[in-house]
Amino acid sequence: MEPGELVTLAREALPRAYAPYSGYRVAAALLTEKGEVFTGVNVENSSLGLTVCAERAAVAAAVTAGHRQFSRLAVVAEGDAPPLPCGACRQVLSEFAPDLQIFVASRDEEMQKFTLQELLPHSFSFRKK
Ligand code: THU
């Protein structure tokens, strides 16, 4: 699947984000190596530290469905800045997909492309990669 289509799928999921505290809705679409897509949205909580980011929600959905190999991730948000995955999400993504391609798009802007290697060099792992 092309990056633009993945961004479109993430944009379709954006209204389902639950972000009453920050007002900042985020959605992610994760492409498996078999070509399936799993979406996730941020799910906030009144105990703010319990908030789940969109990227980790997408990983959890995919892994729950039996997928552990991913090739691309699209992340979209309503703000002006490109929604780069936070550090915790980068580490979680690196568990399954150290060579992941990441496409981020804010509300109106063109998407930008990164690799997970660029965003999280020298990630923690028990295993030698
Ligand atoms: N958020 C994400 O969903 N992904 C990130 O990588 C960073 C932040 C969410 C969490 C919270 O609901 C809102 O953005 C503001 O931090």
Side-chain angles (χ1 to χ4, degrees):
M1 178 179 290
E2 293 305 310
E5 295 174 72
L6 204 57
V7 167
T8 298
L9 290 175
R11 283 215 164 98
E12 285 172 6
L14 202 51
R16 298 196 289 275
Y18 178 72
Y21 305 108
S22 73
Y24 183 71
R25 289 194 275 198
V26 186
L30 184 61
L31 179 66
T32 73
E33 290 206 332
K34 288 184 178 165
E36 285 189 60
V37 176
F38 290 85
T39 55
V41 296
N42 55 335
V43 182
E44 296 187 347
N45 189 274
S46 44
S47 177
L48 299 175
L50 299 182
T51 291
V52 179
C53 291
E55 298 91 324
R56 278 179 284 156
V59 169
V63 173
T64 300
H67 299 272
R68 294 180 183 174
Q69 291 182 314
F70 310 119
S71 53
R72 288 177 170 162
L73 174 75
V75 189
V76 303
E78 290 177 317
D80 296 329
L84 283 154
C86 74
C89 288
R90 295 177 195 192
Q91 176 66 33
V92 169
L93 291 164
S94 78
E95 179 79 15
F96 298 102
D99 297 318
L100 193 68
Q101 296 180 333
I102 299 174
F103 301 87
V104 298
S106 56
R107 192 173 33 221
D108 311 315
E109 300 286 313
E110 290 278 297
M111 68 183 166
Q112 287 180 257
K113 178 185 174 182
F114 299 90
T115 64
L116 186 54
Q117 290 286 352
E118 286 174 318
L119 299 184
L120 187 68
H122 311 293
S123 63
F124 172 76
S125 176
F126 282 120
R127 296 180 293 273
K128 200 171 171 190
K129 286 182 180 165

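One-based numbering, in listed order, for ligands and for the atoms of each. Predicted model only: the values in this text are computed from it and were never measured.
Closest heavy-atom approach to atom 4 (N) of ligand 1 among the candidates Glu55, Arg25, Arg90: Glu55.
Each of Leu93, Asp99, Leu31, Leu100 was evaluated against Phe70; a single residue qualifies, Leu100, per the side-chain contact (heavy atoms from CB on, under 4.5 Å) test. The only member of Val7, Leu84, Val26 that meets side-chain contact (heavy atoms from CB on, under 4.5 Å) when paired with Val75 is Val26.
Pairs of residues two or more places apart, or lying in two chains, that qualify as side chain to side chain donor-acceptor pair (under 3.5 Å) and include a residue from residues 65-83 are Arg25-Glu78, Glu36-His67, Arg72-Gln101, Asp80-Arg107.
Not a single heavy atom of Ala19 lies less than 4.0 angstrom from ligand 1.
Summary of contacts: the protein heavy atom closest to atom 14 (O) of ligand 1 is Tyr24 CD2, 3.4 Å. Regarding atom 9 (C) of ligand 1, its nearest protein heavy-atom neighbour is Asn42 ND2, 3.7 Å. Scanning the protein for heavy atoms near atom 8 (C) of ligand 1, the closest one is Cys53 SG, 3.9 Å.
Within the 4.0 Å cut-off (strictly below), no protein heavy atom is located near atom 16 (O) of ligand 1.
For Ser22, no nitrogen or oxygen atom sits less than 3.5 Å from a nitrogen or oxygen atom of ligand 1, counting backbone and side chain alike. The distance criterion of under 3.5 Å between nitrogen or oxygen atoms is not met by Cys89 with respect to ligand 1.
For the pair Arg90 (side chain) and Leu119 (backbone), a donor-acceptor distance under 3.5 Å is present.
For ligand 1, the atoms sitting less than 4.0 Å from at least one non-hydrogen atom of Glu44 are 11 (C), 12 (O), 13 (C), numbered in the order shown with element in parentheses. Ligand-side atoms of ligand 1 in range of Pro85: 6 (O), range being under 4.0 angstrom from any heavy atom. Of all the atoms in ligand 1, the ones that sit under 4.0 Å from a non-hydrogen atom of Cys86 are 5 (C), 6 (O), 7 (C). Heavy-atom contacts of Thr51 reach the following atoms of ligand 1: 10 (C), 11 (C), 12 (O) (cutoff under 4.0 Å).
Residues Met111 and Leu14 fall within the same hydrophobic cluster, defined by Ile, Leu, Val, Met, Phe, Trp and Tyr side chains chained together at heavy-atom separations under 4.5 Å.
Within the 4.5 Å cutoff, side-chain heavy atoms of Pro83 are placed close to those of Tyr24.
Contacts of Phe103 classified as ring pair (Phe, Tyr, Trp, His ring centres under 6.0 Å), with partners at least two apart in sequence or in another chain: none.
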